[in-house]
Structures are given as structure tokens and as C-alpha cells.
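First the structure, in the form of C-alpha cells, and then the observations on it.
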Amino acid sequence: MNRPLMGDSSYPVYYALKAGLSHSIGNFNQILAALKCNNMGIKTSEINENLQNLILRGFVEEYTGKNPHTGLENDTLYRIAECADIIS
């Protein structure tokens with residue numbers, strides 16, 4: 001399995017996790033902030049749809065844990081799936 005390609009509608013959300021956040025991990029708001037920093041005008045509902053699409057396709061994992069950016073425990077986080085990281 002490899003990463004979504006540039007023409008894929010979910011690519012900006014994947015890119016925000018992969019290249020926009022250290023550790024390729026972040027919560028929803030951190031993904032949104034990374035997208036805004038890159039001037040990607042994506043609606044909140046589209047980000048959620050894209051995240052769910054990426055999870056179903058095995059590119060992203062959703063889990064609850066300690067946020068490496070804020071130290072917050074029991075945060076809902078998203079990370080690039082290990083099998084999706086074959087091609088960087």
C-alpha cells in the first residue's frame with residue numbers, strides 16, 4: 001500500500017498530517033491549522049470526510065492517546081498508518 005496521489009481529493013489532509021505536523025500525528029484542530037498555514041481552503045466537513053476516507057483506505061489511523069504537541073491525555077488523534085509510509 002502506498003500514499004494517496006496528488007489528484008486524490010484526500011491528499012491535502014494526508015499531506016497536512018505527513019508533512020505539516022511533526023511525528024505525522026495530530027488532532028483535528030491541528031490538521032485544520034496545518035491546512036490553513038498552507039492556504040488550503042478546505043471546509044471543516046470536507047476535512048472530516050477526507051479523514052474518514054483515509055481511515056477506511058488504511059492510510060490514516062484514528063486512536064486515543066497523549067498528544068505529542070500539547071501533552072493532552074486521551075486526545076482523539078490521527079496518524080499516518082505505518083503501511084502507508086512505505087513511499088515518502
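Just so it is clear, the structure is predicted and the values come from calculations on it, not from any experiment.
- Annotation: salt bridge (charged side-chain N to carboxylate O under 4.0 Å, His left out) contacts involving residues 58-74, sequence neighbours excluded, comprise Glu61-Arg79.
- Closest heavy-atom contact between Ile25 and His69: O-NE2, 2.7 Å.
- Every residue meeting the side chain to side chain contact (heavy atoms under 4.5 Å, CB included) condition with Leu32, not counting sequence neighbours, appears here in chain and number order: Lys36, Ile47.
- Ring-plane geometry between Phe59 and Tyr14 is classed as perpendicular, the angle between the planes exceeding 60 degrees on a 0 to 90 degree scale with a lower cut at 30.
- Under the rule for a side-chain hydrogen bond (donor to acceptor under 3.5 Å, both in side chains), Gln52 has no partner lying at least two apart in sequence or in another chain.
- For the side chain to side chain donor-acceptor pair (under 3.5 Å) condition, no pair includes a residue of residues 40-49, sequence neighbours left out.
- Remark: Ser24 pairs with Lys18, Ile80 by the side chain to side chain contact (heavy atoms under 4.5 Å, CB included) rule, at least two apart or across chains.
- Closest approach of Ala81 to Gly58, counting heavy atoms only: CB-O, 3.2 Å.
- Between Leu54 and Tyr78 the shortest side-chain heavy-atom distance does not fall below 4.5 Å.
- Counting only heavy atoms from C-beta outward, the side chains of Pro12 and Leu35 approach each other to under 4.5 Å.
- In this structure Asp75 satisfies the side chain to side chain contact (heavy atoms under 4.5 Å, CB included) test together with Asn27, Asn67, Leu72, Leu77, sequence neighbours excluded.
- The shortest non-hydrogen separation linking Gly26 to Leu17 is N-CD2, 3.8 Å.
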